[in-house]
Amino acid sequence: MKSGPGTSGLILNEPLLWEKGKKGRRGMSIPTSDVPEAVLDAGLTGAGPDFPDLSEIDIVRHYTRLSQWNFGVDTGMYPLGSCTMKYNPKINDKLAATPEIASAHPMLDDGSVQGTLQIMYELQKYLAAITGMDAVSLQPSAGAQGELAGMLVFAAYHRSRGSVRTKILIPDTAHGTNPASAALCGFRPVALKANAQGVLDVQAVADLMDDETAGIMLTNPNTLGIFETNIRQIADIVHAKGGLVYGDGANMNAIMGIVDIKKCGVDVMHLNLHKTFSTPHGGGGPGAGPVCVVRELERFLPVPRAVKDSEGYRLEFDRPESIGRVHGFHGNFSVLVRAWSYIRSMGPDNLKKASQLAVLNANYIKERLKKDLHLPYDRPCMHECVFSDLFQHENGVKTLDMAKRLIDHGYHPPTIYFPLVVPGAIMIEPTETECKEDIDLFIEVVQQVVAEAREKPELLLQAPVRTKLRRLDETQAARHPCLRG
Ligand SMILES: *Cc1c(COP(=O)(O)O)cnc(C)c1O
């Protein structure tokens with residue numbers, strides 16, 4: 001049996017800088033000053049902050065060690081489902097850091113920032129081309145805010161037609177932000193059950209859709225990693241009753257350049273640039289959640305948008321029916337630059353290939369692990385596959401135990417207990433960037449954990465055993481973090 005990339009050695013302890021410091025230690029020496037000492041204004045004196053005294057090597061080791069306690073996609077595989085934690089090529093970070101771009105002030109005149117406006121304009125065009133939609137706003141700063149903007153567009157559309165709609169249909173597989181965004185706009189979410197194949201049933205939508213319902217919010221591929229095959233028929237039913245269709249595009253990594261979202265009947269969709277389009281987003285870093293709409297809804301999009309006319313690029317504010325701004329200035333601009341750079345450097349053929357490889361890799365894992373882990377929906381998946389811990393129940397081992405044991409073997413655990421419709425879910429998304437050797441190693445390590453669950457379940461109940469800290473009370477750790485190593 002091969003062993004995973006993890007080892008237990010050389011993980012060094014590190015105290016706080018305050019505990020490490022020693023009075024009089026310093027990081028540099030400067031000659032004694034020949035300028036006489038001056039006494040500061042009375043108001044400015046006092047105890048001052050208690051900074052520890054440290055040498056250069058104290059500091060270098062401190063931060064290097066802390067960095068080694070971290071795990072990220074640059075360290076190893078990060079098989080998080082639905083959230084697409086893929087490797088982001090460094091060239092895109094480099095471009096976002098270009099001084100001319102990074103230092104462009106958002107209040108400069110349009111004439112002085114033609115380059116950055118061009119990036120925005122072109123990105124709007126590219127995202128429209130990739131999704132098949134007609135118009136794009138780059139304003140929202142996360143998927144959830146894109147959903148909120150989308151729901152505001154839904155509300156503005158119905159208001160413009162004098163129609164009062166209070167409900168919205170949302171599948172039980174949806175991400176929690178969907179019902180939350182709908183509720184923030186005053187819509188009451190009505191749950192739709194996925195059928196035995198893990199997709200939405202046309203009849204179930206027909207039964208619930210009425211003229212008090214603003215529309216439907218669905219995710220495609222859905223959070224079970226399955227393509228909503230009935231989407232066009234569902235959209236027709238919703239449209240026939242005057243409703244709109246919202247597409248949650250967080251799972252775009254499975255379908256770039258392959259599915260035309262407009263042809264599926266979707267009217268509004270957000271994209272998570274920090275998931276699909278090359279911005280690292282662990283730990284809640286900056287994101288961008290552009291919204292894409294069909295022509296009929298363009299007039300409601302947030303302002304400003306980048307436009308181009310005979311004089312060049314400019315920001316356009318004059319849209320009386322717009323839902324208004326949803327963000328100061330241009331949102332997290334460097335995320336937009338990364339997406340633009342990613343799309344340009346990949347090109348249409350490679351974007352499509354990335355999605356094809358993401359889907360192939362997930363199906364490969366699904367097929368190779370389905371004897372080891374229970375597969376609730378045994379059918380071709382998209383970019384992620386969802387297992388459960390059913391087979392391990394007889395040994396008293398649960399999803400959480402296996403996820404913790406993967407840490408001992410050097411893997412970040414996959415998404416667990418989501419989607420909620422699969423009890424004990426283990427959701428794996430390898431993404432397109434992992435090579436076959438690395439995926440094979442991951443599979444073998446999961447198989448090893450499954451064997452351990454059978455042979456020494458008591459070990460799994462204690463996992464992780466090789467980490468600096470063992471099994472934490474996660475609620476307590478999140479509410480009262482203790483930062484001492
Ligand atoms: C991540 C995600 C969201 C929310 O996006 P954020 O950018 O985290 O706000 C919504 N829906 C699905 C399916 C997601 O995976």
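Both ligands and their constituent atoms are indexed starting at 1 by order of listing.
With respect to E298 and R295, a salt bridge is recorded, a charged nitrogen being found less than 4.0 Å from a carboxylate O.
Judged by distance alone, with hydrogens and angles left aside, the side-chain atoms of N363 form no donor-acceptor pair with the main-chain N or O of P380 at under 3.5 Å.
Relative ring orientation between Y78 and H412 is described as parallel, the plane-to-plane angle staying below 30° on a 0-90° scale split at 30° and 60°.
The side-chain heavy atoms of H281 and N88, taken from C-beta on, include no pair separated by under 4.5 Å.
Checked by atom type, the side-chain pair T84/N253 shows no donor-acceptor distance below 3.5 Å.
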Could you check ligand 1 for N or O atoms lying under 3.5 Å from protein N or O atoms and list the pairs with distances?
residue	atom	partner	partner atom	Å
ligand 1	5 (O)	N272	ND2	2.9
ligand 1	7 (O)	G143	N	2.7
ligand 1	7 (O)	N272	ND2	3.0
ligand 1	7 (O)	H274	NE2	2.7
ligand 1	9 (O)	G143	N	3.3
ligand 1	9 (O)	A144	N	2.8
ligand 1	11 (N)	D248	OD1	3.3
ligand 1	11 (N)	D248	OD2	2.6
ligand 1	15 (O)	S82	O	3.2
ligand 1	15 (O)	K275	NZ	2.8

For the pair K436 and D440, evaluate salt bridge (Lys or Arg N to Asp or Glu O under 4.0 Å) and give the outcome as yes or no after the intermediate values.
CA-CA 6 Å; K436 179 157 183 301; D440 281 337; 2.8 Å; yes
